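Provided herewith is a single structure, encoded as structure tokens, for subsequent inquiry.
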Amino acid sequence: MTTPRETGSSGGAARGGGPRTLAEELRARPDGALAGLLRARPDLLNPVPGDLTQLASRAGTRASVVRALERLNRFVLQTAEALAVAPDSCPYGTLAALMTGDAPEDPRIAEVLPGAVAALREQALIWGTEDRLRLVRTARELLAPSPSHPSPTGLGPTVAEATAGMSPGRVQQIIAAAGLPGTHDPVSAVAALTALFEDRVRMAALLAQAPREASAVLDRLLWGPPYGTVTADPASHLRWLLDRGLLLPATPGSVLLPREVALHLRGGRAHRTLEPVAPELEPAIPHSAHTVDAAAAGQAFTALTTVEELLAAWGSDGPLVLRAGGLSVRDLKRTATLLDATESAAAFWAELAYAAGLLASDGEVDERYAPTPAYDDWLRLPAEQRWARLATAWLATTRTAGLAGGRDAKSRPLNTLGPDLDRSPAPEVRHRVLALLATLPPGTSVSPETLLARLHWERPPRTPAEPGAEDLRTLLARWALTEAELLGVTNRGALSGPGRALLGPEDAAPAHPLSDAEAGACTVRAAAALAPLLPEPLDHILLQADLTAVAPGPLKRPLAQMLSVLADVESKGGATVYRFTPASVRRALDAGRTAADLKAFLTGHSRTPVPQPLAYLVDDVARRHGHLRVGAASSYLRCDDDAVLAEILADRRSAPLRLRRLAPTVLAAQAAPDELLEGLRAMGYAPAAESAEGDVVVTRADARRTPPRTAPAPVPEGPPVPDETLLGAAVRAIRAGDMASTAERKPVAAPAPADGGLPRTTSAETLATMQAAVMTGSAVWIGYVNAEGAASQRVIAPVRVEGGFVTGYDHTADEVRTYPLHRITGVAELADEHA
């Protein structure tokens, strides 16, 4: 049996010298071209079209065409806009003239225009032969000029469109004033006026008679918008233009410049400026690649410590989750203060930890944010692997921290970690920004505006809703540059070595999200690139006499964790300065350490002797620590020294605790135990909490964790790009369905139904035809109704008929199937040329 796939053309297209419809052109395409169309426009594939006619119909729907147009680069889009203002069947030469005009042909345009036409044809936005290029109707409606939707070309409607509602008498007056002979009908009059405006010689002679002020009016409307206002009694130069149809009335009080007049004045050009090639990433700013990588590695380490600091703080006392989801403005400010960062940077770090699966809500009644169990696993990884996990999560997530603090379309606030911060284009934009930087030599950067100009050429931005506002993709690109610097993916605007490794071996953004295997490979490469750049963690500190300690570099994890409990960070940088205070020492004692433990720790990790003031501080706090015991009565306070309790009762600062003496060594309080602990510490004491058995309660800051949580899945932008296996199966199914719907059939005895469907046959005729097809090995065309009542047409090659079932190779499904005979509504043999 011969199929369209084998012949490469359809019968209709061959007979007519060219395709008559988009479906006929698609039918003539090879399988590779159909697969390319489905790859470029994956929305056409869900569900798989039943045949090529259905595919062509779906390719012309408004939503699909809008999506396809948004993914064109600027020059291909300008080519489509030129076709939208050209005649419906536009020869290639006419299109080229609209692109270049009367000026000498630009060799760049001549070189890239065929590729632009091919790109439009590949995406089924145009069809037809070179001498009859046709833009699909929906694309023409979207791109053609109209008062409500002006064209980027700045052109207005044609003379025929502008005069559609004009009285015949007025049309005759216009052609008479223009020096044309009168006609008997308005159609021929409009045609004569159009021919005048399109004739360069006669049009030049007519404009030579125009008043000087009239030429200035035309110049103002020339490049758009083509609409202007006039009074009820226009000036003489405006009256001269209106009388000759060089300006035509649009609405009461407004006029328009006809398209043919504008094209003549423009020298035949549809666009004022063409951009046939992408703008270069210039001027490039060179830096030392070694300097960029070293500084980026330092920033990468800072990113790790910032995320750890955030999650360590939230592990002991995480902020509440808002009822609508997300982090409150007050908690965001507290987080920014904690991290010594701006609020926007704090929002980024929180969103990054959330995207990496290290942070989530705990799901309790009083829902709070806390680290996940995955955070503990992440902490055990080497520094380079921890960074690579964060960078890979950032590159793939659709979470957009830059939106935090703004408002959505309904003026509702957008909160950090809230449910409305996903933006589907974010991963693609981030990847493309890094991919463009990867095309530059190592260590080289460009200005953000240069990078944005290139991105705008590749994907022209939509017109923003508010004047002066930037579209979403531009904002995403700006945020990507800022976040890449914070994360150490870039430095000084140049892509670092580890950042380059994140992209994989290719320098172009992927057409689809990375698979788990691809993302894992990128993570491994990035970690390997960062590892030699990171400093070796230190196992020592330098204690100083002013109760501070200096860490001259990154510390090993056990040392860093213990020091963060025993001291407070005073300053960060190349060297971190820690300060010991009574509160910080008490914090270490609360965690179960003794004074001997703390002094042994300091002695073992300090390159300098333990200063005497620090030893005194540890001993003094330890001597008073636990001297007072707080338990639950509502709460109580006990101490073996009744003089201390008497001192507390006499202190006015204890009044809010509402204490009273129960025994010489016991006080009762109406405040909760935690409030009592905080109140006594504020008064300068060092109380310890005790259990019901009288033992000291040891508290640890890292005790809180959420139940197991998975990282948030990215929100895809439209349907995913199909893989090659799915594309091949879809093309085979569409071809088979098209063959079933277009194959010629032999006539049958029963009359064909009026709706043009399959002629119905009796059960006996169906059985006899099937048995004959088995004997001859031929294919037949059947109508089939499944168990759900859905009807379909299929071409099958029967191989066995028995037990009320027919088994055969189904060309539509491209597999062997079995069908009950009672569900087959009719059968017909294929015509000889298709058998």
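The structure presented is a predicted model; accordingly, all values stated were derived computationally and were not measured.
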Do the side chain of Asp377 and the main chain of Ala374 share a donor and acceptor less than 3.5 angstrom apart? no
Interatomic distance, OG1@Thr400 vs CG@Leu475, rounded to 0.5 Å, equals 10.0 Å
Please check if atom CG in Asp340 has more than 12 non-hydrogen atoms from other residues, nucleotides or ligands closer than 6.0 Å. no
Intermediate values then yes/no, side-chain contact (heavy atoms from CB on, under 4.5 Å), Asp376 and Arg705: CA-CA 9 Å; Asp376 298 311; Arg705 292 292 183 267; 2.9 Å; yes
Checking Arg67 against Arg71 for the side-chain contact (heavy atoms from CB on, under 4.5 Å) test, could you report, in this order, the C-alpha distance in whole Å, the side-chain angles of both residues, the deciding distance, and whether it holds? CA-CA 7 Å; Arg67 180 177 174 83; Arg71 293 184 168 270; 3.6 Å; yes
When you compare the side chain of Trp349 with that of Leu487, does any pair of heavy atoms fall below 4.5 Å? yes
Atom OG1 in Thr335, atom CZ in Arg330: separation rounded to 0.5 Å? 13.0 Å
Walk me through whether Trp387 and Val307 qualify under side-chain contact (heavy atoms from CB on, under 4.5 Å). CA-CA 10 Å; Trp387 178 85; Val307 172; over 6 Å; no
Please answer whether the main-chain N or O of Phe601 pairs with a side-chain N or O of His605 as donor and acceptor at a distance below 3.5 Å. yes
Does the side chain of Leu45 reach to within under 4.5 Å of the side chain of Leu726, using non-hydrogen atoms? yes
Main chain of Leu566, side chain of Ser584: is a donor-acceptor contact present, judged purely on distance under 3.5 Å? yes
Can you see which heavy atom on Leu645 is nearest to which on Pro664, and at what distance? CD1-O, 3.6 Å
Evaluate the side-chain proximity of Gln670 to Arg660: yes if any heavy-atom separation is below 4.5 Å, no if none is. no
How far does CG of Asp539 sit from CG of Leu555, to the nearest 0.5 angstrom? 9.0 Å
Could you check whether any side-chain N or O of Ser496 sits under 3.5 Å from a backbone N or O of Val489, counting only pairs where one atom can act as donor and the other as acceptor? yes
Is Arg681 close to Pro687 at the side-chain level, that is, under 4.5 Å between some pair of heavy atoms? yes
Does Arg386 reach the main-chain N or O of Leu381 with its side chain, forming a donor-acceptor pair under 3.5 Å? yes
Assess whether a salt bridge exists between Asp590 and Arg587, defined as any Lys/Arg side-chain N lying under 4.0 Å from an Asp/Glu carboxylate O. no
Please check this pair: side chain of Thr603 against backbone of Ala600, looking for a donor-acceptor N/O pair closer than 3.5 Å. no
Single hit among Thr581, Leu598, Val585 for side-chain contact (heavy atoms from CB on, under 4.5 Å) with Val621: Val585
If you count every heavy atom of other residues, nucleotides or ligands that lies below 6.0 Å from Asp366 atom CG, does the total exceed 12? no
Glu678 CD to Leu657 CG distance, which is reported to the nearest 0.5 Å: 11.0 Å
Is there a side-chain contact between Thr576 and Ser571 in this structure, where contact means two heavy atoms from C-beta onward sitting under 4.5 Å apart? no
Restricting to non-hydrogen atoms, name the atom on Pro42 and the atom on Val721 that form the minimum distance, rounded to 0.1 Å. CB-CA, 4.3 Å
Min side-chain heavy-atom separation Leu304-Leu390 under 4.5 Å: yes
Just do the side chain to side chain donor-acceptor pair (under 3.5 Å) check on Asp331 and Ser328 with the steps written out, would you? CA-CA 5 Å; Asp331 285 327; Ser328 69; 3.0 Å; yes
Is there side-chain contact between Glu70 and Val66, with at least one heavy-atom pair below 4.5 Å? yes
For Ala480, is there any backbone N or O sitting under 3.5 Å from a side-chain donor or acceptor partner on Arg430? no
Between Met683 and Ser654, is the side-chain contact (heavy atoms from CB on, under 4.5 Å) condition met? List the steps. CA-CA 8 Å; Met683 295 168 63; Ser654 67; 4.0 Å; yes
What's the spacing between Leu359 CG and Thr706 OG1 if we round to 0.5 Å? 8.0 Å
Between Thr337 (side chain only) and Lys333 (backbone N and O only), is there a donor and an acceptor less than 3.5 Å apart? yes
Measuring from Arg709:CZ to Asp362:CG, what's the distance to the nearest 0.5 Å? 7.5 Å
Using a strict 4.0 Å threshold on nitrogen-to-oxygen distance, state whether Asp317 and Arg334 make a salt bridge. no
Restricting to non-hydrogen atoms, name the atom on Ala347 and the atom on Thr416 that form the minimum distance, rounded to 0.1 Å. CB-OG1, 3.4 Å
Can we say Glu428 and Arg423 salt-bridge, meaning some charged N sits less than 4.0 Å from an Asp/Glu carboxylate O? no
If we ignore hydrogens and angles and just use 3.5 Å, is the side chain of Tyr354 paired with the main-chain N or O of Arg399 as donor and acceptor? no
Tell me whether Glu384 contacts the main-chain N or O of Leu530 through its side chain, where contact means a donor paired with an acceptor under 3.5 Å. no
Note, Arg473 side chain near Pro461 side chain (heavy atom, < 4.5 Å): no
Strictly below 4.0 Å, N to O, side chains only: are Asp619 and Arg623 in salt-bridge contact? no
Determine, step by step, whether Thr392 and Thr523 satisfy the side chain to side chain donor-acceptor pair (under 3.5 Å) criterion, reporting the C-alpha distance in whole Å, the side-chain angles of both residues, the deciding distance to 0.1 Å, and the verdict. CA-CA 6 Å; Thr392 304; Thr523 303; 2.8 Å; yes
